[in-house]
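Chain identifiers are assigned alphabetically (A, B, ...) following the order of the sequence lines, protein sequences preceding nucleic acid strands; residue numbering begins at 1 within each chain.
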There are 2 protein chains.
Amino acid sequence: MAEGAQILIVDDEPQIRRFLRISLEANGYRIHEAATGHDAILKSAQLRPDLIILDMGLPDLDGLEVLRHLREWTKTPVIILSVRDSDQDKVDALDAGADDYLTKPFSTDELMARIRTAQRHAQPQQDEIIFTSGRLKVDLSRRVVTVDGEPIKLTRTEYALLRLLIQHAGRVLTHQQILREVWGPEYVHETHYLRVYFAQLRQKIEENPALPEIIITEPGVGYRLVRL
Amino acid sequence: MAEGAQILIVDDEPQIRRFLRISLEANGYRIHEAATGHDAILKSAQLRPDLIILDMGLPDLDGLEVLRHLREWTKTPVIILSVRDSDQDKVDALDAGADDYLTKPFSTDELMARIRTAQRHAQPQQDEIIFTSGRLKVDLSRRVVTVDGEPIKLTRTEYALLRLLIQHAGRVLTHQQILREVWGPEYVHETHYLRVYFAQLRQKIEENPALPEIIITEPGVGYRLVRL
DNA sequence: CATTTTTTTGATATTTTTTTGATATATCCC
DNA sequence: GGGATATATCAAAAAAATATCAAAAAAATG
């Protein structure tokens, strides 16, 4: 991975993409390009690059949107490029899961060094884009859920809940953990929400919601998604 | 580590140390200070901080020297602070193993965000803690109990009881200790609970509950979980 | 701005767990 | 061995936790 690592460049300006491509290829990297946010997400899932260089100003989606989308299913290092130098922008990007934030203009040497640093931090790729458990299939990169091959519609909250369970598949998540992650820290005592939403999810996912096989209740503790 | 992480501040100027200390403590970090390179290396080894903030300009050793020294034996995240903004300085520091490089003056908010990012990178794979005794296996991090590979369902109280025994495996726990830990101080005389719950646990865990091999009764004293 | 969808709230049924009680079995001490 | 004490087991009643249904409120959609 050190030699010839694959990098996805996301920027809407062709001349910047060209400049970056040349610089990076000179350093032995293999380059892919995306000009829009949607294309960036698509190519990330298809190509599984080792690192992503993401410009904040994109025509269709906000760079932050793209980053949040990516972080729903992958930990691939992301280096943000931006013309904006405000604290808030940096803080938002870094807290959304960016690995580094460079303000334009930047030097090629610094970018190269920060790429090397980001690569050191890279955790062994083990993100599965498609999760399967019984008749349930979830494509995390496209946010598509199918049951026995049939597409299922989930509301925003239902999906957030399911995604959380998938990210911790096989492990028991406590009521507090779930409420904090999905609804926010101030909701940790609203256990009633769990009853309602788990019932709804099971209604859509389980063969027989009264005898759940995918989402298991651990009374007095929380819920658990069974692997495989 | 998330809450109250320990940070070592390395800077020769007392007013900067003071400023950083106040900012960081306000964010819940526990602070240590070093004024020289030698002191930094010494304190890093002694205190094992979770993160190091290292100023490049030190009276005795170059910041780079300190960093190289540290990287010989530890991967603790290091964030470099420097007045120098040249590419070469940044490249040298990052390639020597620094996790980030900030040029003075910098904003507190940005530093905090970059500290959080560095801490994310530090996270060593949360090692799974698995206890084994005969055919019993308890994954404490996932709260999953298996007997001969088969998952077993334990109620909240049964699990609390088992976990307590595991935490003191091999040693006898008195009735009072168990009741106080699992049910609370006001239950120390409800020894009947122990009979019922140990019977239930053995029913689920032991090959032959009448001849227990994992959970041993020490009559008149308490119970004991056998190691391995 | 009206319509549709989603979230929140409330009431009630069902399930699971905990507690309690009755009785059997084992252990200890003389 | 025998009486006393401690432990184990079984099954019920009571309590707590969970599931379900449906209406009201809020938010999103076009």
Side-chain angles (χ1 to χ4, degrees), chain A residues 65 143 145 151-165 172-179 181-184 186-225, chain B residues 143 145 151-165 172-184 186-225:
Chain A
E65 299 271 347
R143 288 183 180 147
V145 181
I152 292 295
K153 248 190 90 178
L154 295 185
T155 72
R156 179 203 300 269
T157 309
E158 285 164 1
Y159 184 79
L161 195 56
L162 182 58
R163 187 168 60 79
L164 181 69
L165 290 171
V172 180
L173 283 164
T174 67
H175 302 139
Q176 276 81 26
Q177 283 181 301
I178 298 168
L179 288 163
E181 287 293 323
V182 176
W183 279 271
E186 62 273 31
Y187 288 79
V188 287
H189 295 114
E190 308 282 354
T191 50
H192 192 56
Y193 285 12
L194 298 178
R195 321 294 171 216
V196 175
Y197 271 88
F198 274 98
Q200 284 175 5
L201 250 184
R202 281 170 172 161
Q203 212 61 241
K204 293 181 177 181
I205 285 170
E206 298 278 359
E207 180 109 44
N208 180 358
L211 290 153
E213 294 181 321
I214 298 171
I215 297 174
I216 304 300
T217 303
E218 304 276 358
V221 187
Y223 294 85
R224 183 168 53 83
L225 190 77
Chain B
R143 200 198 177 276
V145 181
I152 292 296
K153 254 190 87 176
L154 295 185
T155 72
R156 182 178 30 185
T157 310
E158 285 164 1
Y159 184 78
L161 195 56
L162 183 58
R163 203 186 46 185
L164 182 69
L165 290 171
V172 181
L173 281 163
T174 68
H175 301 142
Q176 277 78 23
Q177 280 182 300
I178 298 168
L179 286 163
R180 189 172 336 103
E181 286 294 323
V182 176
W183 279 272
E186 62 272 32
Y187 288 78
V188 287
H189 296 113
E190 307 281 356
T191 51
H192 191 53
Y193 284 13
L194 297 177
R195 322 293 172 216
V196 174
Y197 271 88
F198 274 99
Q200 284 176 6
L201 250 183
R202 282 169 171 161
Q203 211 61 242
K204 292 182 178 182
I205 286 170
E206 298 280 358
E207 180 108 44
N208 181 359
L211 291 152
E213 294 181 322
I214 299 170
I215 298 173
I216 306 300
T217 303
E218 303 279 359
V221 188
Y223 294 85
R224 180 169 57 84
L225 189 77

Exercise for the section: Check step by step if side-chain contact (heavy atoms from CB on, under 4.5 Å) holds for A:Tyr193 and A:Leu161. Expected result: CA-CA 11 Å; A:Tyr193 285 12; A:Leu161 195 56; over 6 Å; no
Practice task
Would you jot down, in residue-number order, the residues of residues 202-220 of chain A having a non-hydrogen atom under 4.0 Å from DNA chain C?
Solution key: A:Pro219
Fill in the blank from the handout: Ordered by number, residues from residues 190-201 of chain B within less than 4.0 Å of DNA chain C (heavy atoms) are B:His192, B:Tyr193, B:Val196, B:Tyr197
Handout entry: B:Glu218: partners by side-chain hydrogen bond (donor to acceptor under 3.5 Å, both in side chains), with sequence neighbours left out
Key = B:Arg224
Practice task
Please state how far atom CD in B:Glu158 lies from atom C1' in C:dT19, giving the value in whole angstrom units.
Solution key: 14 Å
Exercise for the section: Quickly work out the B:Leu179 CG to C:dT18 P distance and round it to whole Å. Expected result: 14 Å
Practice task
Report yes if some heavy atom in the side chain of A:Leu201 is under 4.5 Å from a heavy atom in the side chain of A:Leu154; otherwise report no.
Solution key: yes
Contacts of [X] that satisfy side chain to side chain contact (heavy atoms under 4.5 Å, CB included) - sequence neighbours left out:
| X | answer |
| --- | --- |
| B:Thr217 | B:Arg202, B:Pro219, B:Tyr223 |
| B:Arg163 | B:Leu140, B:Tyr159, B:Gln167 |
| A:Leu164 | A:His168, A:Leu173, A:Ile178, A:Glu181, A:Val182 |

Practice task
Output the distance between atom OH (A:Tyr197) and atom OG1 (A:Thr155), rounded to the nearest 0.5 Å.
Solution key: 5.0 Å
Can you name the salt bridge (Lys or Arg N to Asp or Glu O under 4.0 Å) partners of [X], sequence neighbours left out?
| X | result |
| --- | --- |
| B:Arg156 | none |
| A:Glu190 | none |
| B:Lys153 | none |

Acceptor/donor pairs from residues 206-214 of chain B side chains to any protein atom, 3.5 angstrom cut, sequence neighbours excluded:
residue: B:Glu206; atom: OE1; partner: B:Glu213; partner atom: N; Å: 2.8
residue: B:Glu206; atom: OE1; partner: B:Ile214; partner atom: N; Å: 3.3
residue: B:Glu206; atom: OE2; partner: B:Glu213; partner atom: N; Å: 3.3
residue: B:Glu206; atom: OE2; partner: B:Ile214; partner atom: N; Å: 2.8
residue: B:Glu206; atom: OE2; partner: B:Ile215; partner atom: N; Å: 2.8
residue: B:Asn208; atom: OD1; partner: B:Ala210; partner atom: N; Å: 3.1

Problem - Outermost nucleotides of DNA chain D that come under 4.0 Å of a non-hydrogen atom of chain A - result: D:dA17 to D:dT20
Practice task
With axes from five pairs an end, tell me the bend angle of the helix from C:dC1-D:dG30 to C:dC30-D:dG1, nearest 10°.
Solution key: 50°
Practice task
Ignoring backbone atoms, test whether B:Trp183 places a side-chain nitrogen or oxygen under 4.0 Å from the OP1 or OP2 oxygen of C:dT19.
Solution key: yes
Exercise for the section: Could you work out which one of C:dT18, C:dT8, C:dT19 sits closest to the side chain of B:Thr157? Expected result: C:dT18
